[in-house]
Participant: 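Below you'll find the structure I mean.
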Amino acid sequence: MKIAPVEQLFTLFNETALVLQEELSCTYLEALAETGENLFHGSILQEEVSEITEKRLNKQYKEFNLDNFTKEEIRKAYQLVILKGMKENVQPNHQMTPDSVGMLLSYLVDKFMTQPSFRLLDPAIGTGNLVTTVLNQLHKNIHSIGIDIDDLLIKLAYVNANLQEHPIELFNQDSLEPLFIDPVDAVIADLPVGYYPNDVRALDYQLRAEKGHSYAHHLFMEQSVRHTKPGGYLFFIIPNGLFESDQAPQLREFFKKEIIVQGVIQLPISMFKNKNAAKSILVLQKKGDGIEAPKQALLANLPNLSSVVEMDNILRKIDKWFQDNKR
């Protein structure tokens, strides 16, 4: 029986990561980043490994030529081994955007970003899965920038980008500190939801809390708007209760002043463990000269993604909205 390419790559990533994990006495995810580096460079970069391990790894690497795999096959296999590593060492902020959501977000970015080349920012890039999903779906000239405070996640994103041959500019820093980047045409982000612990830093934001900690996801939105060109688009994966919190009135005021809501796509409740964890995709446009609001915002509740007929109807509705509002 022929083994699928994604399964072949998963086995390679997994087996070589396990070898390096034992040899280097590190975590599985750290070992995964190391084996990804070796594959990309075509040599064993870790000086600490024994001669026997080096020979074993070289033998496994030489059985594979990454040129024989598509970018999507590499992304999916790498995503699966990262998910395996995250299950073994669970951390609350290490959650990957589901593939189905990434594909839908890619579809929306493609619909709104009609120009052949643009600058794209992901201020919460994590392992790079969401941004590389978008890059693999959009065959355009996209200059990508990613930021994450977690040094392990940013290393995994770096290896992910290299293996798929995507030139992504990466910054390992707190995204809510000053960013030294030129304005971008579009932002995508699976917003990290929760409180931002740095109250002093939060004072620099309009969306800071009047008392106590500010919401990190609110501050991420404001920071993203700051670094977007007038007329640029922002695509956020948000909790459904975004406008129901105690700090929601400030958010509404900020929206009125700074942005136009282009659309809200509610993801199927069945995708989430419970109703309270459900999310939507929020599409915004930064205000600017000559930028007009649509006649009406794009509003859609997605059915179960496995329902082909219902999904087809929703996509037709979205296409019709674009015909009516984006001439």
Side-chain angles (χ1 to χ4, degrees), residues 3-14 32-33 35-37 39-40 64-86 94-148 153-170 184-190 232-237 265 267 271 279 281 283 302 305 311 315 318-319:
I3 301 171
V6 171
E7 193 178 340
Q8 290 176 39
L9 284 170
F10 175 87
T11 303
L12 171 68
F13 287 138
N14 180 50
L32 177 59
T35 198
E37 283 263 68
L39 263 171
F40 177 69
F64 285 81
N65 181 350
L66 289 181
D67 291 340
N68 295 333
F69 298 88
T70 67
K71 288 179 169 61
E72 267 296 274
E73 286 165 349
I74 294 168
R75 183 192 66 77
K76 286 177 180 176
Y78 194 69
Q79 175 195 26
L80 289 171
V81 278
I82 289 175
L83 285 170
K84 179 193 171 190
M86 286 181 175
H94 290 196
Q95 293 173 345
M96 202 176 289
T97 308
D99 257 8
S100 52
V101 178
M103 293 295 180
L104 180 63
L105 193 133
S106 302
Y107 168 78
L108 291 170
V109 173
D110 195 31
K111 283 285 192 182
F112 281 95
M113 304 302 296
T114 54
Q115 59 268 55
S117 64
F118 59 89
R119 287 170 56 79
L120 176 71
L121 168 67
D122 185 343
I125 194 169
T127 63
N129 186 57
L130 180 59
V131 77
T132 55
T133 299
V134 172
L135 294 176
N136 287 345
Q137 300 305 312
L138 274 63
H139 303 291
K140 297 181 178 181
N141 179 22
I142 303 172
H143 178 102
S144 307
I145 302 155
I147 305 164
D148 207 284
L153 295 188
I154 209 82
K155 184 167 186 184
L156 288 165
Y158 164 74
V159 173
N160 198 3
N162 280 344
L163 291 173
Q164 295 180 62
E165 298 182 339
H166 288 307
I168 303 174
E169 200 176 341
L170 295 168
V184 299
D185 302 286
V187 175
I188 58 169
D190 191 344
Y233 289 96
L234 304 98
F235 305 83
F236 294 127
I237 298 169
I265 315 289
L267 299 169
M271 286 184 66
K279 294 188 175 186
I281 296 175
V283 184
L302 289 193
L305 299 183
M311 271 304 296
L315 293 177
I318 293 172
D319 281 341

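In this chain, numbering begins with 1 at the start of the sequence shown.
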Participant: Keeping the roles fixed (side chain from Glu73, backbone from Thr70), state whether a donor-acceptor pair exists under 3.5 Å.
Facilitator: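 Answer holds: yes.
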Participant: Is the side chain of Asp185 donor-acceptor paired with the backbone N or O of Arg119 at a distance under 3.5 Å, no angle test?
Facilitator: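 Present.
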Participant: Quick check for you: to the nearest 0.5 Å, what is the distance between Phe235 atom CZ and Asp190 atom CG?
Facilitator: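 Phe235 atom CZ to Asp190 atom CG measures 15.0 Å (nearest 0.5 Å).
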Participant: Would you say Lys76's side chain and Glu7's backbone share a donor-acceptor pair under 3.5 angstrom?
Facilitator: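 Judged by distance alone, no pair lies under 3.5 Å.
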Participant: In this structure, which one of Leu121, Asp122, Ile145 forms a side-chain contact (heavy atoms from CB on, under 4.5 Å) with Val187?
Facilitator: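 The option that passes is Leu121.
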Participant: I'd like to know if the side chain of Glu37 and the backbone of Val159 have a donor-acceptor N/O pair within less than 3.5 Å.
Facilitator: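 Judged by distance alone, no pair lies under 3.5 Å.
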Participant: In a check of side-chain contact (heavy atoms from CB on, under 4.5 Å) between Val81 and each of Leu156, Leu12, Thr35, Leu32, which one passes?
Facilitator: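 Of Leu156, Leu12, Thr35, Leu32, side-chain contact (heavy atoms from CB on, under 4.5 Å) with Val81 is met by Leu32 alone.
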Participant: Between Asp110 and Gln137, is there a side-chain donor-acceptor contact under 3.5 Å, judged purely by atom types and distance?
Facilitator: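 No, Asp110 and Gln137 have no side-chain donor paired with an acceptor closer than 3.5 Å.
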Participant: Residues in side-chain contact (heavy atoms from CB on, under 4.5 Å) with Asn129, at least two apart?
Facilitator: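 So Asn129 forms a side-chain contact (heavy atoms from CB on, under 4.5 Å) with Arg75, Gln79, Met96, Asp99, Thr127, Thr133.
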Participant: The criterion is side-chain contact (heavy atoms from CB on, under 4.5 Å); which residues satisfy it with Asn141, sequence neighbours excluded?
Facilitator: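 With neighbours one apart ignored, the set is Ser117.
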Participant: Can you tell me how far CZ of Phe40 sits from CG of Asn162, rounded to the nearest 0.5 angstrom?
Facilitator: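 Taking CG in Asn162 and CZ in Phe40, the distance rounds to 4.0 Å.
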Participant: Hey, are Asn160 and His166 close enough side-chain-wise for a donor-acceptor pair under 3.5 Å?
Facilitator: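 His166 vs Asn160: no donor-acceptor pair found between side chains.
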